[in-house]
Enquirer: 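My questions will all concern the structure given below.
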Amino acid sequence: MGKLTADDRNIDNNSAAPQSGKDALMTVYLAYAEDAQRQHYVALLVSAGTSLYEALMQAGWLAKFPELARWCEDVLDIATPTAKRWHVGIYAQKQPLSYRLQPFDRIEVYRSLSADPMSQRKSKSRG
């Protein structure tokens, strides 16, 4: 069983109080299963209108996960997610990095699989 860890900054509390409805804060969640043993889950306060990319930066995940940062640089300007190439989404729906977050969205970072899960299950069942 993998170990679920909360990152050091569970909730990023902005010190400035919101001045208008546009600056209102909302909670979003970030989830990343780096591998079978290391999963990351963070609750983050962001301003209304924050993009998926901005939330990844604010959470510090682009610094913490260099491969994610490299991928983001490569696809930052792509408006339509491509099936196999896309590594982020909201509730299992692939979204562009420009996607504007909604309250309580769960940002999911997907990793490439080393093998097809169905093939792995068939191999295990054959013994």
Side-chain angles (χ1 to χ4, degrees):
M1 180 79 178
K3 180 180 174 189
L4 179 65
T5 59
D7 290 354
D8 293 334
R9 40 174 117 35
N10 277 349
I11 295 183
D12 182 10
N13 293 313
N14 293 338
S15 56
Q19 297 174 356
S20 70
K22 183 181 177 213
D23 296 324
L25 297 177
M26 61 184 181
T27 300
V28 296
Y29 303 95
L30 291 89
Y32 178 30
E34 190 175 358
D35 58 33
Q37 287 74 38
R38 293 177 294 190
Q39 291 90 37
H40 307 273
Y41 192 78
V42 175
L44 185 70
L45 285 176
V46 298
S47 298
T50 297
S51 72
L52 196 157
Y53 179 73
E54 292 165 339
L56 291 170
M57 282 193 322
Q58 188 176 334
W61 283 20
L62 298 182
K64 186 172 185 171
F65 305 112
E67 69 283 354
L68 177 61
R70 283 190 297 277
W71 176 82
C72 285
E73 288 174 16
D74 290 344
V75 301
L76 191 56
D77 296 325
I78 297 175
T80 305
T82 55
K84 294 195 181 237
R85 187 170 183 215
W86 217 252
H87 295 285
V88 296
I90 306 294
Y91 292 114
Q93 297 295 316
K94 294 176 181 181
Q95 297 292 344
L97 293 174
S98 61
Y99 172 85
R100 296 295 169 190
L101 298 170
Q102 304 298 313
F104 306 109
D105 273 351
R106 184 180 68 219
I107 300 168
E108 300 166 337
V109 177
Y110 311 121
R111 61 185 162 92
S112 297
L113 299 175
S114 58
D116 176 45
M118 187 181 295
S119 299
Q120 287 181 326
R121 286 192 297 274
K122 284 181 181 178
S123 295
K124 284 182 182 179
S125 68
R126 290 181 193 148

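In this chain, numbering begins with 1 at the start of the sequence shown.
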Enquirer: Ala63: what forms a side-chain contact (heavy atoms from CB on, under 4.5 Å) with it, not counting sequence neighbours?
Expert: none
Enquirer: Minimum heavy-atom separation for His40 to Glu34, with atom names?
Expert: NE2-OE1, 2.8 Å
Enquirer: For a quick test of your reading: what N or O donor-acceptor pairs under 3.5 Å do the side chains of residues 65-80 make, sequence neighbours left out?
Expert:
from  : atom 1 : to    : atom 2 : distance (Å)
Glu67 : OE2    : Tyr32 : OH     : 3.2
Trp71 : NE1    : Arg85 : O      : 3.0

Enquirer: Could you give the distance from CG (Leu25) to CG (Leu44), rounded to the nearest 0.5 Å?
Expert: 10.0 Å
Enquirer: Quick one: does Tyr99's side chain get under 4.5 Å of Asp105's, heavy atoms only?
Expert: yes
Enquirer: Go through the structure and list residues passing ring pair (Phe, Tyr, Trp, His ring centres under 6.0 Å) with Phe104, not counting sequence neighbours.
Expert: none
Enquirer: Provide the closest heavy-atom pair for Leu45 versus Gln58 in the form atom of the first, atom of the second, distance.
Expert: O-NE2, 2.8 Å
Enquirer: Could you pull out all donor-acceptor pairs under 3.5 Å where a side-chain atom in residues 48-57 meets a protein atom, sequence neighbours excluded?
Expert:
from  : atom 1 : to     : atom 2 : distance (Å)
Thr50 : OG1    : Ser47  : N      : 3.4
Thr50 : OG1    : Ser47  : O      : 2.5
Ser51 : OG     : Glu54  : N      : 3.1
Ser51 : OG     : Glu54  : OE1    : 3.4
Glu54 : OE1    : Ser51  : N      : 2.7
Glu54 : OE1    : Arg100 : NH1    : 3.4

Enquirer: Applying side-chain contact (heavy atoms from CB on, under 4.5 Å), run through Trp61 and Val42 and close with a yes or a no.
Expert: CA-CA 10 Å; Trp61 283 20; Val42 175; 3.7 Å; yes
Enquirer: Could you list the residues that satisfy side-chain hydrogen bond (donor to acceptor under 3.5 Å, both in side chains) with Glu108, not counting sequence neighbours?
Expert: Arg106, Tyr110
Enquirer: Quick check: closest heavy atoms across Ile90 and Gln95, and the distance to 0.1 Å?
Expert: CG1-CG, 3.7 Å
